[in-house]
Amino acid sequence: MQYLAAVGGGGGVENEILKTNPILEAFGNARTLRNDNSSRFGKLIDIFFEDCGKICGAKIQTYLLEKSRVVQQAEGERSYHIFYQLCAGADKELRETINLRPANDFRYLNQSSCLHIENVDDSLKFQETIDAMDVVQISKEDQESAFAMLASILWLGNITFRVIDNDNHVTVDDNEAVSCAASLLKCSKEHLMEALCTRKMRAGHENIVQKLTASQAADSRDALAKAIYAGLFDWLVDCINKSLEVGKRHSGRSISILDIYGFESFVKNSFEQLCINYANERLQQYFNQHLFKLEQEEYISEGIDWTEVEFIDNQECLELIEKRPLGLISLLDEESTFPKGTDYTLAEKLKEHLTFNGCFKGERSRGFRIRHYAGEVTYDTIGFLEKNRDLLHSDLLHLLSSCEMHLPQHFACNVEQTLLKLTGPVRRSGIESQKQSVATKFKGQLASLMQRLEDTEPHFIRCIKPNTLQQPNLYQEDLVLQQLRCCGVLEVVRIARSGYPTRIAHQNFAQRYHFLLPLSLANQEDPLSICVAILHQFKVRPDMYQVGYTKLFFRAGQVGRLEDIRLQTLNGIVLFQKIYRGYKVRQYFRKLKRTAIMLQSLIRARKVRRKFEELIRKHRAAIQIQKYVRCRAKKQEYLKQKEKTILIQSVIRGWLARRKVLAIQRKLEEEERVALEAKLHGEQLIKAAQMNKRLLEEFDTSEVDNPAHMDEELANPGVSSMHVDGQAEAVKVSPSYLAELQSRVLVAEAALREKEEDNSVLRQRLNHYELKWSEYESKMSSMEEMWQKQMSSLQISLASAKKTLAPDDFANQGFKYDESFPYKSIVTKQRGSRHMLPQEEEEFDWDDTTSVGTKTPDHLSTPRKPFLDLSSGRGELDAGRSVVSHLFKEFEHRKQVFDDDASFLVEVKTGQTEASLNPDEELRKLKQRFDTWKKDFRGRLRETKSILQKLGNPDSAQRLKKNWWSKKA
């Protein structure tokens with residue numbers, strides 16, 4: 001259409017014809033599982049031309065709109081695009097006018113769970129549709145009326161029903177959906193509710209009102225929605241035809257474009273797929289017959305001897321569908337007239353009468369299978385009768401007629417006029433039963449379409465979809481092959497190949513292959529003679545070609561052999577030309593190259609000399625600048641490193657010392673407290689024992705001084721007396737009490753002895769702790785002395801470094817940072833001297849690392865002997881002691897660290913200490929670290945042992961070994 005509009009010169013009519021496409025796509029296309037913009041109706045556009053070849057008008061005719069898609073869609077599909085475009089692109093004023101909501105609020109749209117199409121903006125599409133309506137001269141009032149009809153359809157879908165009795169009769173719920181639908185249709189709400197849930201029938205002279213069940217009421221609601229949409233679609237097509245109406249300049253010439261749905265086969269196929277595939281069967285038969293007819297006409301016009309080619313005829317499948325009186329459509333119409341006919345009875349009737357046809361096969365339940373030219377398709381009869389009848393009850397027609405809006409009245413009027421044309425002068429009550437079915441109507445439209453094709457000169461365009469993912473640069477071979485088979489292209493190719501598929505005019509053949517002949521044969525003027533000479537030259541068999549009046553006809557594959565020979569010859573010619581031309585170009589290039597090289601050498605030499613002089617000057621200046629800058633930078637860097645090192649060492653050493661002192665003080669205070677408590681407890685026991693002993697002594701003396709009183713006591717065992725502090729007082733003491741006092745004295749004496757023993761043990765432990773405290777104090781003092789020595793050594797090193805970095809030396813000798821720089825040699829020697837120490841965690845001994853890093857530079861003091869130098873006896877002893885000392889310090893430090901960590905994790909696990917960590921996981925990690933360190937320590941221990949055994953002095957080595965193992969034990 002765009003091509004025809006461009007060739008016709010463009011302008012008003014051409015632009016209107018192009019703008020019909022967005023309108024028809026919006027109202028007639030929908031998203032299916034295989035296509036995001038599938039056409040759900042057939043379209044025939046007649047484009048009329050003037051005598052001068054300019055377009056003067058057009059007319060559109062539609063076929064079989066899929067009305068069921070308005071009320072029901074499969075999962076993943078969408079209804080017609082216009083509904084979603086309206087919900088997404090309507091402005092605020094229009095939304096308020098037609099009571100529009102988002103698409104997700106309407107049941108007719110949200111039931112398939114697909115509201116959007118990827119990479120498609122429905123709001124922009126809606127604006128394009130409105131612009132197209134303006135171009136085809138649809139007024140704003142009519143546009144608003146059309147959108148109101150669309151909104152009324154959506155609100156009809158939201159109407160619900162409520163059961164009112166045991167017979168499943170229903171009434172309409174008086175909710176927002178009913179009010180909005182009635183308001184948009186401009187009819188009475190009560191009339192709408194009554195028309196949806198009741199049905200009026202005339203029996204004799206009386207009107208009977210029948211209540212509808214839930215399913216019947218839902219079907220009535222859906223039928224009203226489908227009728228409104230179908231009427232709106234036909235009204236739009238009429239408006240477009242009026243806008244494209246042909247003027248008086250029509251010459252009678254026209255081009256008709258038929259855009260009709262292709263062959264369809266889904267998982268579930270219904271009445272629409274049967275009608276679509278029936279139309280494709282008709283078109284495929286015409287396609288095959290037309291192609292065969294063209295082949296025959298061309299062979300006869302060229303005077304070619306030919307034999308008739310057989311091709312697959314699908315007449316049997318067409319007879320299965322349209323034959324009377326036992327065709328599928330006839331049986332479907334017959335069953336549709338029965339009031340008690342169901343989809344199940346239809347399936348049984350089809351299986352009973354159509355089994356004799358080889359293209360039909362019955363399935364279980366309500367299904368059947370038809371073998372089409374493109375393959376077998378299984379149909380389900382569910383909904384066949386309802387879709388074929390397409391009934392709109394008289395109550396619903398009266399409802400549309402009673403609406404105040406002109407569009408519903410127009411729809412009802414068109415339906416009644418159509419029924420009157422089909423039925424003639426009969427009673428209005430019998431109109432519904434005599435209405436022409438959808439299948440019969442479509443059969444008639446298809447017959448008229450085929451008649452039009454017979455009267456015209458057809459050209460066929462097959463649209464092939466490369467992939468189902470709708471992505472560019474993706475080619476699915478199986479899908480394309482299936483489409484070629486469904487379109488009948490493979491059958492066409494087979495028919496063409498069975499004859500003479502390749503046809504070339506004499507002039508074209510001679511012009512293409514004449515250079516393959518020798519000069520004596522190629523100079524002929526007659527093209528036919530040249531063609532015959534070429535065929536004889538390359539020995540093409542006579543049964544593989546025929547010579548027509550104007551063309552040569554070849555069997556399949558013959559021209560391909562000539563093309564191979566032609567390609568080989570051309571490749572040889574091109575190769576020779578390539579070699580010769582390459583030789584000439586290389587000669588010319590070498591000459592230019594020599595000249596260019598000589599000029600470049602002269603120019604580059606001059607430039608290089610100038611650059612070299614400039615570089616020499618800059619180099620001298622850069623050396624002077626670098627000398628002073630590097631000197632200053634190194635001085636500042638050295639001073640900063642020195643300050644940082646001293647600060648870190650002082651902080652860490654102070655922290656370590658304070659931690660050790662505090663730990664020792666806490667331990668001593670705890671021991672002193674325990675000893676004091678034990679001492680107090682022992683003194684209390686001693687006092688108690690002394691009092692008991694004094695009481696016993698007083699009791700014994702009283703018995704010796706008063707024997708007569710003792711006799712009296714024996715005579716009166718219940719009474720006794722004693723004197724205390726020179727005062728005679730009568731005290732009554734029982735024998736049991738005396739025995740108890742004696743036992744207490746014995747116990748007190750035993751406890752006293754135990755406490756004295758405990759006190760002696762505590763005194764020993766106190767003495768031991770005091771001894772250890774004195775040892776710790778001596779160690780701390782020795783450590784302070786050692787730190788003082790190291791600090792003095794560091795100061796000496798810093799002073800010597802300052803002297804070596806003096807500016808005078810740099811001025812005299814120049815600054816060059818290379819391998820001979822003294823500080824680098826110091827660092828290198830220090831690193832080499834520590835290769836026997838642990839290298840994973842060297843922070844176990846701050847004193848050793850600090851002393852190594854801050855020793856006196858080698859060039860200012862006596863050179864340091866290498867590690868374990870076996871050439872000197874004294875060096876052997878010092879090296880051994882150093883290694884053993886390092887290992888012992890590491891062992892003590894590691895032991896303390898692992899003990900502290902394990903104690904802390906145990907306290908966390910038992911709840912004594914709170915911490916935000918997993919004690920089990922941390923214990924496992926601690927054990928892994930301990931095992932790793934133990935393995936490494938044992939290896940270094942064995943290495944040290946072997947080195948000590950190799951020392952020159954066996955006595956010193958043995959003494960070091962014995963001292964080390966005694967310390968470890």
Side-chain angles (χ1 to χ4, degrees), residues 3-4 6-7 49 52-53 253 255 287-311 456-462 464 484 487-582 584:
Y3 171 77
L4 293 175
V7 171
F49 294 85
C52 62
R253 298 180 181 179
I255 294 178
F287 180 58
N288 291 340
Q289 292 175 354
H290 176 72
L291 178 66
F292 181 76
K293 183 179 178 180
L294 290 179
E295 291 278 326
Q296 182 180 3
E297 290 178 354
E298 186 169 9
Y299 288 155
I300 293 174
S301 63
E302 290 289 335
I304 301 300
D305 295 333
W306 67 285
T307 56
E308 185 175 352
V309 180
E310 295 182 358
F311 61 91
T456 58
E457 181 183 356
H459 300 271
F460 298 92
I461 300 174
R462 298 296 189 184
I464 303 299
L484 292 176
C487 294
V489 176
L490 298 182
E491 182 65 19
V492 172
V493 173
R494 189 191 68 80
I495 293 173
R497 287 177 60 85
S498 60
Y500 296 93
T502 307
R503 298 140 197 200
I504 305 176
H506 297 163
Q507 184 69 30
N508 295 337
F509 187 83
Q511 185 177 0
R512 186 172 182 81
Y513 300 105
H514 76 281
F515 71 92
L516 300 177
L517 294 174
L519 292 177
S520 58
L521 299 176
N523 293 330
Q524 302 179 32
E525 296 181 359
D526 185 14
L528 182 59
S529 302
I530 296 176
C531 293
V532 174
I534 292 172
L535 295 175
H536 287 296
Q537 177 72 22
F538 295 102
K539 299 179 181 180
V540 180
R541 292 188 302 172
D543 58 338
M544 292 289 103
Y545 71 94
Q546 288 200 34
V547 181
Y549 297 138
T550 61
K551 297 180 182 179
L552 292 176
F553 293 78
F554 292 93
R555 296 282 187 185
Q558 298 306 311
V559 176
R561 190 166 69 88
L562 292 175
E563 283 293 324
D564 292 340
I565 296 173
R566 178 177 178 275
L567 184 61
Q568 291 177 3
T569 306
L570 290 176
N571 289 338
I573 294 172
V574 171
L575 179 62
F576 177 78
Q577 293 177 346
K578 178 180 67 175
I579 295 172
Y580 179 74
R581 289 173 180 172
K584 296 294 290 181

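Because the structure is a prediction, the values reported are computed rather than measured.
The closest side-chain heavy-atom distance from Leu575 to Asn571 is not below 4.5 Å. You'll find the side chain of His506 reaches within 4.5 Å of the side chain of Val547, heavy atoms only. Annotation: side chain of Glu298 is in contact with side chain of Arg503 (closest heavy-atom distance under 4.5 Å). A 4.5 Å side-chain heavy-atom check between Val540 and Gln558 finds at least one atom pair inside the cut-off.
Using bins of under 30°, 30° to 60° and over 60° for the plane-to-plane angle, the ring pair Phe460/Phe287 lands in the perpendicular bin. Taking the six-membered ring for Trp and thresholds of 30 and 60 degrees, Phe509 and Tyr513 have ring planes inclined between 30 and 60 degrees apart.
Other residues, nucleotides and ligands contribute at most 12 non-hydrogen atoms within 6.0 Å of the CD atom of Gln511. More than 12 heavy atoms of other residues, nucleotides or ligands lie within 6.0 Å of CD1 in Ile300, so this atom counts as buried by the packing criterion.
Taking every heavy atom of both residues into account, Ala510 and Pro527 meet most closely at CB-O, 3.9 Å. Considering every non-hydrogen atom in both Leu517 and Ala533, the closest pair reads CD2-O, 3.8 Å.
Between the CD1 atom in Ile565 and the CG atom in Leu516 there is a gap of 7.5 Å [rounded to 0.5 Å]. Distance OG1/Thr502 to NZ/Lys551: 12.0 Å, rounded to 0.5 Å. Between the CG atom in Leu528 and the CG atom in Leu552 there is a gap of 7.5 Å [rounded to 0.5 Å]. Atom CZ in Arg512 sits 13.0 Å away from atom SG in Cys531 (nearest 0.5 Å). Between the CG atom of Leu570 and the CD atom of Gln577 there is a distance of 9.5 Å, given to the nearest 0.5 Å. To the nearest 0.5 Å, atoms CZ (Phe538) and CZ (Arg566) are separated by 11.5 Å.
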